[in-house]
There are 2 protein chains.
Amino acid sequence: MLHEEVVARLREKLIDGVMPPGSRVPEKELCAEFGVSRTPLREALKVMASEGYIVLLPNRGARVAKMTARNLEELFEVCGGMEALAGELACQHGTDAEIAEIEALHDRMAEFYAVRDLAGYYPLNRAIHEAIVRATHNAVLINLYENVSARIRRARFVVPMPPDHWRLAMAEHEAILNALQRRDAVMLSSILKTHLRNKCEQVERAGFAESDETPTPPAAARKTPVKKPQPEQSDMERVP
Amino acid sequence: MLHEEVVARLREKLIDGVMPPGSRVPEKELCAEFGVSRTPLREALKVMASEGYIVLLPNRGARVAKMTARNLEELFEVCGGMEALAGELACQHGTDAEIAEIEALHDRMAEFYAVRDLAGYYPLNRAIHEAIVRATHNAVLINLYENVSARIRRARFVVPMPPDHWRLAMAEHEAILNALQRRDAVMLSSILKTHLRNKCEQVERAGFAESDETPTPPAAARKTPVKKPQPEQSDMERVP
DNA sequence: GACCCTAATTTTGAATGCAAAATGGCTGTC
DNA sequence: GACAGCCATTTTGCATTCAAAATTAGGGTC
C-alpha cells in the first residue's frame with residue numbers, strides 16, 4: 001500500500017508547515033522525493049483532499065488547503081465537541097489501567113510545568129488528550145479526532161503561551177484528571193470543552209485577521225502577467 | 001475530477017446496500033459499469049477507505065466495510081456527539097431564516113406523523129437534522145456529519161418503528177424545535193443527544209448480536225476448499 | 001512599451017501496460 | 001475420496017504513456 005506511505009509523509013510535511021498553506025503541490029518533485037510514480041502520489045492527494053488537508057482544482061492541480069481564521073475556529077469547535085464526547089465516553093468505557101496511564105502522563109507533564117519547560121510540556125499535553133480519546137474505545141471517534149486535531153496542529157504557529165494561561169491550562173488539567181478518576185462524565189465533558197475553548201481564544205487573540213480569503217488566483221483572468229502575482233503566498237498572515 | 005463521480009456513485013451503492021458489507025469490490029466490473037478505467041476507480045477506493053466505507057487488503061483488493069453491532073454503536077455515539085454540538089452551535093450561529101426553515105420542515109413532518117406515514121416522515125426527519133447541522137455554519141462539522149450519518153444510514157435495515165417510540169421521537173422533535181426557537185443551546189444539545197440515543201437503543205434492541213467478527217477469511221489458510229466457504233456473507237446477521 | 005494573439009512547453013487527468021501476488025484448477029499420491 | 005503440489009488465469013499494485021488543458025514564451029501590432 002504505497003499510497004498510505006505517501007499520505008503519511010505528506011501529512012507530516014503539511015503539519016510541520018514544510019509546505020505552506022496555499023502553495024502548489026508539485027507532483028513531479030514529490031514523486032522524485034518519495035521515489036514513487038505519479039499514480040500512488042495522486043491516490044494520496046485524493047485521500048488528503050477528502051480529509052481536508054489539500055484542495056484539488058480541476059485541471060490546475062492540488063494546493064495545500066488554506067487555513068483561515070474561520071476554518072481554524074470551526075476546527076476548534078468540532079475538536080471541542082469531540083473532546084467533550086471523548087471525556088464522557090472515557091468515563092464510561094475507560095479501564096482503570098488507562099486512567100492510571102493518563103495519571104502518569106499528567107504527573108510527568110506537571111513536572112515539566114513545575115520547571116516551565118514548554119517543549120517538554122506540549123507533547124505530554126497532547127499525549128493526555130489522545131489517551132483520553134483512546135480510552136473511549138471508540139475507533140470511529142479516535143480516527144476522526146486524529147484528523148481534526150492534526151489539522152489544528154497544522155496551524156501551530158508556536159504561540160508563546162502567556163504564564164497565566166499556562167497556569168489556567170494546568171489547573172484545568174488537574175480538574176480533568178480528577179473528574180476522570182471519579183468517572184464524572186458530565187464534569188469531565190464540560191471541563192474539556194472549556195479547556196479547548198480557552199486554547200482557541202488564546203490562539204485567536206494571538207493574532208489572526210478574520211479577513212483571509214484569496215479564494216484562488218482567477219486562472220487565466222489575470223492582466224499584468226507579473227512574474228509572481230501571488231508568490232506562493234502563505235495564508236494566515238498575522239495582523240500587526 | 002472523474003474519481004469524485006465514482007466516489008459519489010459508489011457511496012450510493014454502499015449506502016443503498018447494493019453491495020453488501022463484507023463483499024468484494026470487483027474493480028473490473030465497476031470500471032465497466034461506470035465506464036472509467038481502473039485509475040480513477042482505484043483513486044475512489046482509496047478515498048472511500050479513508051472515509052471508512054471500505055477496507056483495503058494488501059494484494060487482496062477492497063472489500064465493503066463490515067458493520068458490526070459495535071461499529072454501529074460507535075457511529076451512534078459519535079453522531080450523537082456531533083448532533084449535540086450542532087444543536088449548540090445552531091443556537092449560537094443559526095439565522096432566523098434557517099430556524100424558520102426548520103420549523104417548516106418540522107410542520108410538514110408533523111403532518112406525516114399525524115397520518116402515520118413513515119415513508120413521508122423519514123426524509124423530513126433526516127432533513128431536519130441535516131438542517132440543524134447546516135445551521136451551525138461550520139463546514140468542518142457539516143462534512144464530518146455527512147460522513148458519519150451516511151455510514152449509519154448504510155445500516156438502515158428498515159426497523160419498523162413501534163408506535164410508542166415514534167410518539168416519543170415526535171415529542172422530542174417538538175422539544176427540539178422549541179429549544180431551537182428559544183436558542184436554548186444547552187437544552188437543545190441535551191435533547192439531541194438523548195434523541196439519538198433512543199434511536200440507537202431502538203436499533204440495538206431491534207436485534208443485532210454483539211458477536212459479529214469474522215475479520216476476514218484467513219486467505220490461503222483454509223483447509224476444506226468448499227466452493228464458497230464464506231459466500232460473500234453479509235455481516236450484521238440478526239439474532240432470532 | 002503595452003497589449004493581444006499564437007505556438008511551444010509543462011502539467012494535469014485518465015488509460016494502458018507490466019510485473020508480482022493471489023486465486024482457481026488440475027493432476028498425482030496416498 | 002482427501003490432500004498436497006504444480007501450473008494457468010485472474011487480480012492487484014504501480015509505472016508508464018497519451019491526450020487535453022493550462023502555463024509560458026515569443027512575435028506582431030498599435
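First the proteins, then the strands, lettered A, B, ... as listed; each starts at 1.
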Every protein N/O within reach of nucleotides 11-13 of chain C N/O, cut-off under 3.5 Å:
from: C:dG13; atom 1: OP1; to: A:Asn59; atom 2: N; distance (Å): 3.2
from: C:dG13; atom 1: OP2; to: A:Arg42; atom 2: NH2; distance (Å): 2.7
from: C:dG13; atom 1: O5'; to: A:Arg42; atom 2: NH2; distance (Å): 3.2
from: C:dG13; atom 1: N7; to: A:Arg38; atom 2: NH2; distance (Å): 2.8
from: C:dG13; atom 1: O6; to: A:Arg38; atom 2: NH1; distance (Å): 3.1

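Residue A:Thr39 has no polar side-chain atom (N or O) positioned under 4.0 Å from OP1 or OP2 of D:dC14.
Counting to the nearest Å, the P atom of D:dG13 and the CG atom of A:Leu41 are 17 Å from each other. Separating the CG atom of A:Leu45 from the P atom of C:dA14 is a distance of 13 Å, rounded to the nearest angstrom. Rounded to whole Å, the distance from CG on B:Leu30 to C1' on D:dT11 is 14 Å. Rounded to whole angstrom, the span from the CD atom of A:Glu43 across to the C1' atom of D:dA15 amounts to 12 Å.
Listed for the A:Glu83 side chain is no donor-acceptor partner under 3.5 Å among the backbone atoms of A:Gly80.
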Inset, instruction - I would like to know whether B:His137 and B:Glu98 meet side-chain hydrogen bond (donor to acceptor under 3.5 Å, both in side chains); could you show each step before the answer? - result: CA-CA 11 Å; B:His137 297 268; B:Glu98 284 163 340; 2.9 Å; yes
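Residues B:Lys46 and B:Glu51 are not paired through a salt bridge, judged by the lack of any N-O separation under 4.0 Å between the basic side chain and the carboxylate. A salt bridge is absent between A:Arg24 and A:Glu29; no separation between the charged side-chain nitrogens and carboxylate oxygens falls under 4.0 Å.
Between the side chains of B:His93 and A:Glu77, at least one donor N or O sits under 3.5 Å from an acceptor N or O.
Here the CD atom belonging to B:Glu130 is positioned 10.0 Å from the CG atom belonging to B:Asn125, to the nearest 0.5 angstrom.
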